[in-house]
Amino acid sequence: MNVPENLKYTHADEWLSIDGNIATLGVTDYAQDQLSDIVFVEITVEKGETVKKLAHVATIESVKAAADVNSPISGKITDINESLSNTPELVNNDPFGQAWMVKFEITDPSELTSLMDAKAYADYCSTRGH
Amino acid sequence: MFSPHTPSETVEMLKNIGVKSIEDLFKDVPQKYRFPKLNLPEGLTEMEALAEMHEYAGSNETVKGLLSFLGAGAYHHYIPAGVDSLLRRSEFYTAYTPYQPEVAQGTLQAIFEFQTLIANLTGMEVSNASHYDGATATAEAGVMAYHNFRGKRPGILLSSAVNPQYREVLCSYLCGYENINIQTIGEDFTIPGNPDDLAAHVDNETALVVVQYPDFFGRIFDLTAMAQKVHEKGSLLAVVTNPIALGLLKTPGEMGADIVVGEGQPLGIPLSYGGPYLGFFATKKEFARKISGRLVGETSDAQGRRGYVLTLTAREQHIRREKSTSNICTNQGLMALAATIYLSLVGKSGLKQVANLCFQKAHYAADVLGQVPGFSVLSDAPFFHEFILKCPRPVEAINTLLLERDIIGGYDLGKDCEALANHMLICVTEMTSKDDIDYLASVLEEVTHD
Amino acid sequence: MTEPTIYELSSAGRTGVRFPEPDVPLTHLPQSLMREVLPLPELSEVDVIRHFTHLSSLNYCIDSGLYPLGSCTMKYNPKINEEIARLEGFAYTHPLQPESTIQGNLALMYDLQETLKEIAGFAAVTLQPAAGAQGEFTGVMIIRDYHRSRGDAKRTKILIPDSAHGTNPATSAMSGFEVVPLPSDARGNVDLAKLREVCDDTVAGLMLTNPNTLGLFDENVIEVINIVHQAGGLVYGDGANLNALLGIVRPGDLGIDIMHFNLHKTFSTPHGGGGPGSGPVGVSAHLADFLPTPLVGIVEKATADLPPLYGFIKPPKTIGRVKSFFGQFGMFVRAYTYIRMHGPEGLRKVSEYAVLNANYLLAKMGDVYHLPYKRTCMHEFVVEGCWPDIPEIHALDIAKRLMDYKFHPPTNYFPLIVHEALMIEPTETESKQSLDAFAEAMLAIAKEARETPELLKEAPHDTPIGRLDEVKAAKELVLCCWLPDDK
């Protein structure tokens, strides 16, 4: 299982990459593996919208499961990944790259401290088995 | 009776389980309440049960025994013999929801064909596998529209010419939603529910506008201009329709509907005192993933053979639990099958014929009844197979007199709307003959003469 | 084999049914209101009969064999029910007919209401809900309106054990409640300590399935109900599993305030390939005023010469209407026929044999399939469809392989709290021989899982079609047949 070093993680299997005051959000390799074949992704927020911590930003569906993606921090949406609606399989094929979901301006950097680093997340995954 | 156990088999089974008696299997049930004596009459043999049920059935008057002019949401149409003959195949009626597609292709393909027929009939792109009835299908249109705008548009506008029971059920379904604002427009008019009056109330808060076509009073309005106005505000338009009327009429899809729902009972389903009936729900492809209820999709097996499965099930309650948008876990499978068989049997020419017969006879009835002294037909638009008959006396009194002459009169519109006291909704289908209509006219004249 | 669709079978110019020509002078419908094309198929009656007969042969059904779907109660559907529901006096009655012309229907509905009250121990019953899920919805709305009517607005939570049906949380959320999941304890009962911890004055109610979806009767049911009542909440009973309780215990006696019945499970009305169901709701006396409108009541008592006059009654604090007309009437006729044929003794036998059959099957299989909660089960039980030494075999593989043995698979992957769950409910209408044959098939498959696992992985081999590509179906979303002219 792939857990890139440079990202931050949540217990709900989301990843966050930080570039200055812009954060990019997606779901992890572990999450896509658990969901199996993703058939549908819907981003439920719009550009320019302000979201609070834990706001629902996307829904992912496979044939046997569905998962909500929630924003781990507060911010203002600057970009959403339009391509996922037509090519949901990107979440399976490239969860940390092409399958990013939303980008947003970080409004409260202190919220970042509660996120896990790669090692902590890898340990967390290993405790859950398969 | 329907349990095949012999005493010796029961003993042997108990031995296998390792208990002495059947009672021992119920030790987890609190003793104080265990094995209550039910105060019910003793069981009957099949022969006795049949006789007893004949007594209930025999205490009813029927639309076969009497001459009926009732519609208002349930319609007496001819059901070709082939429909029930196929419905009685136990391969259909004793099967369950097709969760295991390899052994349920019969049910799945029939539903897939049902979806196709409904989409084609309504002029829409997709249909689901059905809802409980027309009322709940209408309510589900409200639920879908609300979720489509993620609750940001709380308004739902209902035409007062939508079946009052459908409006009631929609309110029951949606009253738990945050900030929901449901309004009925035009209840105070003498002839309620002109679609143009409704369009004026649409604003940026409106998620959905619901109209009926032909409306509850039988009238046919072209909804094209109205649909445009609804869309200009970014709202959705749901049209409640009668599937038989669509054998003749321009489709709601053509006029710009986003959702088309209705009662499928006229398609080969007996009146059966109000149920089981069939709700249908069709929409545009862009909303396919937001439809509640079951959907059947086409796919293939490893050898490339075409087959069908329940699809998009990850949205449903058994997986999404409290996050699903609906708690539905069934459809009206057998009723959808009845409609599929009916539409296959009557086909393109038969449905047109039935619709035309309804239309022609209703217009003849309106002509004749409108000439009975004291009565007049109230209509500001063309109508399909129902129309409003203004009466010189309370409808209930007239209907009581009609019943003495073996006629079930029309629906008393004053029950739902004060402004329509003394107005009757008359329904005529292909089952009504010219003689029947002439007889009604003569009896009406006779009973109101003095 | 693949059966063509009705559109592929269509041949221009055919029709299955013709109708008479109009017998009245003709009126003209404006062209602007008419549709231009009517894309319906064109087939002869024979075409249609053969097509649907072919389709029917692709289905598994109760009449062909054991259908052990847990939580669905796939019992035999007596043939007499079908005859009776089609009697002209029932099938040809219009729901808006004057009450005086429909006394037989009203009497039957009244008698069914009374009978369901007696069977489950409630003060009032509505027959209106169309299915179990709608019954639940009705129940949760009653809970909401009951608290509101007492000015108690802070009750916003519904407690739901993790062993509940998925409809419970979905229904609560739909009705505006916050869902609080409750864990099960090591014996599969509601965790009492946790229940006490969350019960406060914000709890509107608890939705309890008993026996639960593990097929276990909650050993502390009285205490569970007391804890909720003491906190001011109501207890909703999910009646999906009532087939274990007829004449055994009345949920109302245990203190349950509201419960839905599933006429299509407990009372033998056919499942119809997925509906129509029917989900009447019973309530205790303090909730009777909230039932959906209308109910059937006696409006004039019987006299020495005349039977009672039945009519519709609107409960004073009704939650409103949840369905058009009065419910799935045709199902009432079937269910009532079934109940009348059984009587009190027969009904108790139904549940006794349902529980006997489940325990017998469990005894035959329990050594080979792991049972997570080792207790006497009620009418169904849940085993794990997997073994630690052969991790590649899943519940799904066992389910699919069962089809080759000519059995319908059990419910799988539910309840969610059991790993690789196989949920088995044989029902009382199966004989010992049929249970033996099913157990033998399950044991044979367990053997194959170790010796020839590919037989399971590639199953089914002997069905009209193989495993279908569900990913393709969900992605491509083809929901309608292609019409011949829109390739």
Side-chain angles (χ1 to χ4, degrees), chain B residues 3-4 9 13 17 28 33 38 42-43 53 56-57 59-62 80 86 89-91 93-97 102-103 105-107 116 120 126 132 135 165 168 172 176 270 272-276 297-299 301 307 311 317-318 321-322 327 330 332-334 344-345 348 353 360 363-364 434, chain C residues 16-17 19 22-24 27 39-40 52 55-56 58-63 84 87 89 91-93 95 101 104 108 130 133 166 169-171 173 175-176 179 217 253 270-276 320-321 324-325 328-330 343-344 346 353 360 428 431-432 463 465-466 472-473 478 480-481:
Chain B
S3 301
E9 283 167 349
M13 290 167 80
I17 298 167
D28 290 342
Y33 302 109
L38 299 180
E42 289 309 306
M53 300 307 281
Y56 284 101
S59 318
N60 294 324
E61 302 285 359
T62 71
L86 287 166
R89 294 194 68 88
S90 58
E91 295 89 339
Y93 82 83
T94 78
Y96 189 53
T97 304
E102 297 88 344
V103 289
Q105 285 298 301
T107 298
T116 309
N120 287 339
V126 293
Y132 303 133
Q165 294 201 359
E168 254 185 90
S172 302
S272 186
Y273 204 51
E298 184 186 298
T299 184
D301 72 359
T311 191
Q317 46 75 26
H318 65 107
R321 296 176 80 86
E322 70 270 19
N327 72 345
T330 187
Q332 293 278 105
L334 201 64
S344 305
L345 278 170
K348 185 183 279 197
Q353 266 190 299
Q360 297 298 350
H363 282 75
Y364 174 73
K434 178 173 176 295
Chain C
V17 190
F19 290 87
D23 56 353
V24 294
T27 309
L40 291 182
F52 289 99
L55 286 184
S56 76
L58 305 177
N59 275 0
Y60 188 95
C61 66
I62 299 175
D63 284 2
I84 291 173
L87 292 177
Y92 287 89
T93 52
T101 66
L108 185 138
T171 305
S175 313
V179 174
F217 194 95
D253 291 348
H271 283 70
R321 182 181 267 291
S324 58
F325 307 121
Q328 312 260 38
F329 179 78
Y353 288 135
Y360 177 69
E428 74 282 2
S431 66
K432 178 175 173 297
T463 48
I465 199 153
K472 176 180 166 184
V478 176
C480 291
C481 337

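For clarity, every value in this text was computed on a predicted model and none was experimentally measured. Heavy-atom basis, side chains included; hydrogens, waters and symmetry copies ignored. Letters A, B, ... are given to chains in the order of the sequence lines, protein chains preceding strands, and every chain is numbered from 1.
- Here C:Ser431 is the residue among C:Gly346, C:Gly320, C:Ser431 with the most heavy-atom pairs under 4.5 Å with chain B.
- Annotation: side chain of C:Ile62 is not in contact with side chain of B:Ser90 (no heavy-atom distance under 4.5 Å).
- Annotation: the span from C:Thr93 atom OG1 to B:Asn60 atom CG amounts to 5.5 Å, rounded to 0.5 Å.
- With B:Asn120 contributing its side chain and C:Leu40 its backbone, the two residues share no donor-acceptor pair below 3.5 Å.
- Interface check for chain B: of the options C:Ala130, C:Ser324, C:Gly343, the most heavy-atom pairs under 4.5 Å are formed by C:Ser324.
- Closest non-hydrogen pair, C:Phe52 versus B:Leu86, comes out as CB-CD1, 3.7 Å.
- Ranked by heavy-atom pairs shorter than 4.5 Å toward chain B, the options C:Lys432, C:His271, C:Arg321 are led by C:Arg321.
- Most heavy-atom pairs under 4.5 Å with chain C: of the set B:Pro276, B:Gly307, B:Gly176, this distinction falls to B:Pro276.
- Note on C:Gly330, C:Ser175, C:Ser56: by heavy-atom pairs under 4.5 Å with chain B, the leading option is C:Ser56.
- Nearest heavy atom pair, residue B:Ala95 against residue C:Tyr60, reads CB-O, 3.5 Å.
- For the pair B:Gln360/C:Thr27, a side-chain contact is recorded, criterion being any heavy-atom separation below 4.5 Å from C-beta on.
- Annotation: maximal heavy-atom pairing with chain B below 4.5 Å, among C:Ala91, C:Gly176, C:Gly104, occurs at C:Gly104.
- Looking only at side-chain heavy atoms (C-beta outward), B:Tyr364 and C:Pro22 stay at 4.5 Å or farther from each other.
- Between C:Gly466 and B:Glu102, the shortest heavy-atom distance links the atoms O-CG, 3.6 Å.
- Of the two parts of B:Gln353, only the side chain, counted from C-beta on, holds a non-hydrogen atom closer than 4.5 Å to a non-hydrogen atom of chain C.
- Put simply, the side chain of B:Gln165 gets close to the backbone of C:Phe325: a donor and an acceptor are under 3.5 Å apart.
- Closest of all the heavy-atom pairs between B:Gln105 and C:Asn59 is N-OD1, 3.8 Å.
- Side chains of B:Glu91 and C:Leu58 form no contact here, defined as non-hydrogen atoms less than 4.5 Å apart.
- Heavy-atom minimum distance, B:Glu42 versus C:Pro344: OE2-CG, 3.9 Å.
- Taking every heavy atom of both residues into account, B:Ser3 and C:Tyr353 meet most closely at CB-CD1, 3.5 Å.
- Using a 4.5 Å cut-off between heavy atoms, C:Leu87 contacts chain B through its side chain alone, with no backbone atom that close.
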